[in-house]
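To start, the structure under review is shown below, and the notes come after it.
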Amino acid sequence: MPELPEVETSKRGIYPYCLNQKIKTIEVRNSRLRWPVNEDISEKMSGQTIIEIVRRGKYLLLITESNSLMIHLGMSGSLRICEATRPVEKHDHVDIELQNGKIIRYNDPRRFGCVMLNPDKLNHKLLIKLGVEPLESEFSAEYLYKACKSSNQPIKSLIMNSQIVVGVGNIYAQESLFRSKIKPTRKANGLSRKMVADLVNSIKQILSQAIEAGGSSLKDFTSAEGKPGYFQQTLDVYGRSGQPCKQCGKELKKIIIAQRATVFCSSCQK
DNA sequence: ATTGGAACCTGGTGGC
DNA sequence: TGCCACCAGGTTCCAA
């Protein structure tokens with residue numbers, strides 16, 4: 001369940017192995033991802049050096065002199081660094097082989113992610129309309145308050161809208177609303193400045209903590225498991241429907257907002 | 001224009 | 001044990 005922290009952790013995990021490395025070749029075993037992997041991806045990227053690695057929202061860009069590889073982990077994707085001799089496992093769809101003998105291996109059971117050739121770098125169609133980064137200073141109380149004022153949507157839908165702010169998925173939307181004591185169904189335009197400010201702080205806090213937790217598991221990034229461990233962090237509401245609220249003990253409720261399960265405390269969250 | 005829902009896909013779980 | 005329905009998750013796109 002990759003949210004922004006897992007993508008950031010993946011970036012940090014592969015960074016030391018592929019910065020300034022030349023791409024030898026790209027092997028595509030299954031090109032049928034969210035968008036088909038470009039047929040000429042290996043041809044276009046072979047021999048190019050990765051000069052920069054950028055995360056934008058949940059997209060990861062391996063930037064070379066003339067192109068970039070745009071990777072999204074979707075809902076079940078993961079990256080790992082491994083040796084060329086490592087046996088291929090189920091759902092290992094793409095290998096980016098580097099000159100130093102390492103492989104960046106993309107695995108994605110549900111194939112909702114993508115590996116795309118992108119000649120536009122940050123100007124790609126899918127990136128251009130993304131909202132602000134939640135951990136940057138542009139994501140401020142004023143910014144979100146302004147967005148809220150013009151929206152009649154439930155606040156949960158608004159913070160999950162990537163055109164407003166990127167990287168807040170279903171888990172952290174629920175957690176940040178709990179932490180800032182806001183009911184997920186509240187209309188965005190009905191929130192006070194104070195509530196919005198609290199929400200912004202909660203989102204920043206929770207994402208930073210999750211990245212930290214993921215970072216602490218980075219030593220395992222190349223291990224057999226290959227998965228960042230951010231999800232081990234304790235969650236207050238996500239997936240805890242029917243269990244007692246950690247604040248007040250009342251039973252947590254589950255509702256559906258925009259087809260997404262949403263757990264909250266009807267007593268703590270107003 | 002804004003919002004709601006469908007679609008993509010697989011693995012895991014719970015019910016019978 | 002098998003089979004089936006259902007759910008989870010992120011994002012785009014099409015339809016009210």
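Per chain, numbering begins at 1; letters A, B, ... match sequence-line order. The analysis underlying the following values was restricted to heavy atoms, covering all of them including side chains, and did not include hydrogens, waters or symmetry mates.
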ILVMFWY cluster membership beyond A/Phe264 - transitive side-chain contacts under 4.5 angstrom: A/Ile255, A/Ile257
Any A/His72 side-chain N or O less than 4.0 Å from OP1/OP2 of C/dT11: yes
Nucleic acid contacts of residues 141-157 of chain A, taken as heavy-atom distances under 4.0 Å to DNA chain B: A/Asn152, A/Gln153
Qualifying residues under salt bridge (Lys or Arg N to Asp or Glu O under 4.0 Å), relative to A/Lys44, sequence neighbours excluded: A/Asp40
Interface limits on DNA chain B, where chain A has a heavy atom under 4.0 Å of a nucleotide atom: B/dT3 to B/dG11
Those residues that, when tested against A/Glu83, pass side-chain hydrogen bond (donor to acceptor under 3.5 Å, both in side chains) (two or more places apart): A/Lys102
Using distance only, find each side-chain donor-acceptor pair of residues 140-149 of chain A under 3.5 Å and give its atom names and separation, not counting sequence neighbours.
| from | atom 1 | to | atom 2 | distance (Å) |
| --- | --- | --- | --- | --- |
| A/Ser140 | OG | A/Tyr143 | N | 3.1 |
| A/Tyr143 | OH | A/Ile164 | O | 2.7 |

side-chain hydrogen bond (donor to acceptor under 3.5 Å, both in side chains) involving A/Ser68 - partner list, sequence neighbours excluded: A/Asn118
A/Asp92: partners by side-chain hydrogen bond (donor to acceptor under 3.5 Å, both in side chains), with sequence neighbours left out: A/Asn107
Sugar-phosphate, base or nothing in reach of A/Lys187, heavy atoms under 4.0 Å: nothing
Pairs flagged by ring pair (Phe, Tyr, Trp, His ring centres under 6.0 Å) wherever residues 64-86 of chain A is involved - sequence neighbours left out: A/Tyr59-A/His72
With sequence neighbours excluded, residues passing salt bridge (Lys or Arg N to Asp or Glu O under 4.0 Å) with A/Asp95: A/Arg29, A/Arg105
Those residues that, when tested against A/Glu133, pass side-chain hydrogen bond (donor to acceptor under 3.5 Å, both in side chains) (two or more places apart): A/Arg55, A/Arg56
Residues from residues 114-128 of chain A lying under 4.0 Å of DNA chain C - heavy atoms: A/Lys125, A/Leu126
For atom CZ of A/Arg260 and atom P of C/dT12, their distance in whole Å: 13 Å
Residue whose nearest DNA chain C nucleotide is more 5′ - A/Arg110 or A/Leu130: A/Arg110
Touch class at under 4.0 angstrom, heavy-atom based, for A/Ala258 against every strand present: nothing
Sugar-phosphate, base or nothing in reach of A/Arg111, heavy atoms under 4.0 Å: sugar-phosphate
